[in-house]
Number of protein chains: 2
Amino acid sequence: MTQALSPRERILETATQLFYAHGYRAIGVDRLILESGVAKMTFYKHFPSKDSLIQAYLEKSTTGFWTWINSITEKYLSPREQLIAIFQAVAKQAISPACLGCAFLHAAAEFPEVNHPAHQTALEYKRGVLAKLEALSQEAGAANPKALSEDLMLLMDGAWAAARMFGAGNHAARVAQTAEILIDVQTSKK
Amino acid sequence: MTQALSPRERILETATQLFYAHGYRAIGVDRLILESGVAKMTFYKHFPSKDSLIQAYLEKSTTGFWTWINSITEKYLSPREQLIAIFQAVAKQAISPACLGCAFLHAAAEFPEVNHPAHQTALEYKRGVLAKLEALSQEAGAANPKALSEDLMLLMDGAWAAARMFGAGNHAARVAQTAEILIDVQTSKK
DNA sequence: CCTTGAATAGACAGACCTGTCTGTATTTCA
DNA sequence: TGAAATACAGACAGGTCTGTCTATTCAAGG
């Protein structure tokens, strides 16, 4: 009957809310403990340091992202449709009030040293996205799949940046149409 | 014979280096004072708070940006060429080792509350860029200048994001060609 | 029942943060 | 030369940060 989340899950849930909304350095351990209703020792038992919690949060976010992407792409057969669907989902997400940008871009902003663990994790995530876009571009018959995937990546990160900067109803609304233009131009539709 | 910069200029110069490279919260007043070789009281005389220095830095960056943009556009007559030239310059900048992304995006990442002064300043800057792109899009004969400017903005911020995340030699290299595609498609070239 | 592991509350250390204050030295300019 | 403004060095206050520690309570299983 113990429906409540475990301490570890509560901490991670709180971290998800707070890190995403306010940033990594802005949120202290005391606040995380307070809002997740957990003792300090419990916190440090599950996460030996604040950095390790940041790490866990980024990994959880990565998993969540791919779950989201898969839920979108699995509804379509053709790679072109999958790409379009991804960018439609990105547009919808980016203009929603719940969207505060991309946690990984924020991590890179706050931890600029490329060898910092958080930056590394963010980088790996972005490389993964790039790889997925390239694979779909390839399957979609792009003349230069790498080039198309890089272009699409610029659009996607531009959309997340717009979300953080401008808030809900920003100019990322059009990102799906824009992606479609690039896909059309760079794909041999013959 | 006193060629050295004034205390205020030294502080602002140091702030430019440190804030850009490491972020706003990561750099403390003590470090700024140490590296600019200034007394603490001198610092607080010229900048009544750290926030006001951040503000001054962002305003200086805005000025620098427009000086840069103007130095590029003034070499071309047609709005289309100006747009292309801007994105060629962005590409060149974004892939250079000196580029660490966009200070304003970082400000939005670190100060998410839209009414925070630093976020506000960043927002005004971005609105300015958007307006400039829209004006050029209009003059270039875009069917929908607002739409084209928003698309180009996504590309530009995507390029800055790539610079911060991936470091030198990132995938923003292509941003000028990509921009050109969008300009061509959305402009009545008749 | 009793033991063991886990969670709780909260004090504490030591570092670091912003901003203030005192007092001295240097520069500028009349 | 002398006065006023400016910059210097560095101590200090008060708060916040991460992470450690003690001591108590709760819950489950043998």
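These numbers were taken from a predicted model, which means no experiment stands behind them. All values below were derived from every heavy atom in this structure, side-chain atoms included, with hydrogens, water molecules and symmetry-related copies excluded. We name chains A, B, ... by the order of the sequence lines, and we start the count at 1 in each one.
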Trainee: Can you classify the ring geometry of Phe65(A) versus Tyr125(A) as parallel (below 30°), tilted (30 to 60°) or perpendicular (above 60°)?
Mentor: perpendicular
Trainee: In whole Å, what is the span from the CG atom of Leu5(A) to the C1' atom of dA6(C)?
Mentor: 17 Å
Trainee: Give the rounded distance in Å between these two atoms: OH of Tyr44(A) and P of dC12(C).
Mentor: 18 Å
Trainee: Distance from Ile72(A) atom CD1 to Lys92(A) atom NZ, nearest 0.5 Å?
Mentor: 9.5 Å
Trainee: I need a per-nucleotide contact map over nucleotides 4-17 of chain D, read 5' to 3'. Cutoff is protein heavy atoms under 4.0 Å; write B for the base, S for backbone only, - otherwise.
Mentor: --SSBBBB------
Trainee: Take the angle between the ring planes of His116(B) and Phe111(B) and call it parallel below 30°, perpendicular above 60°, tilted in between.
Mentor: parallel
Trainee: Assess whether atom NZ of Lys60(B) is packed by more than 12 heavy atoms of other residues, nucleotides or ligands within 6.0 Å.
Mentor: yes
Trainee: Whole angstrom is fine here: how far is it from CG in Leu34(B) over to C1' in dT18(C)?
Mentor: 16 Å
Trainee: Hey, mind stepping through Tyr24(B) and His106(B) against ring pair (Phe, Tyr, Trp, His ring centres under 6.0 Å) and telling me if it holds?
Mentor: CA-CA 8 Å; Tyr24(B) 302 96; His106(B) 305 156; 7.6 Å; no
Trainee: Working note: Glu180(B) + Arg80(B), criterion salt bridge (Lys or Arg N to Asp or Glu O under 4.0 Å); need CA distance, chi angles, decisive distance, verdict.
Mentor: CA-CA 9 Å; Glu180(B) 195 167 355; Arg80(B) 185 183 183 281; 3.5 Å; yes
Trainee: What integer distance in Å separates His22(B):NE2 from dC17(C):C1'?
Mentor: 18 Å
Trainee: Can you tell me the distance, in whole Å, between the CD1 atom of Ile33(A) and the P atom of dA9(C)?
Mentor: 11 Å
Trainee: Starting at atom CZ of Phe43(B), determine the distance to atom P of dT20(C), rounded to an integer number of angstrom.
Mentor: 11 Å
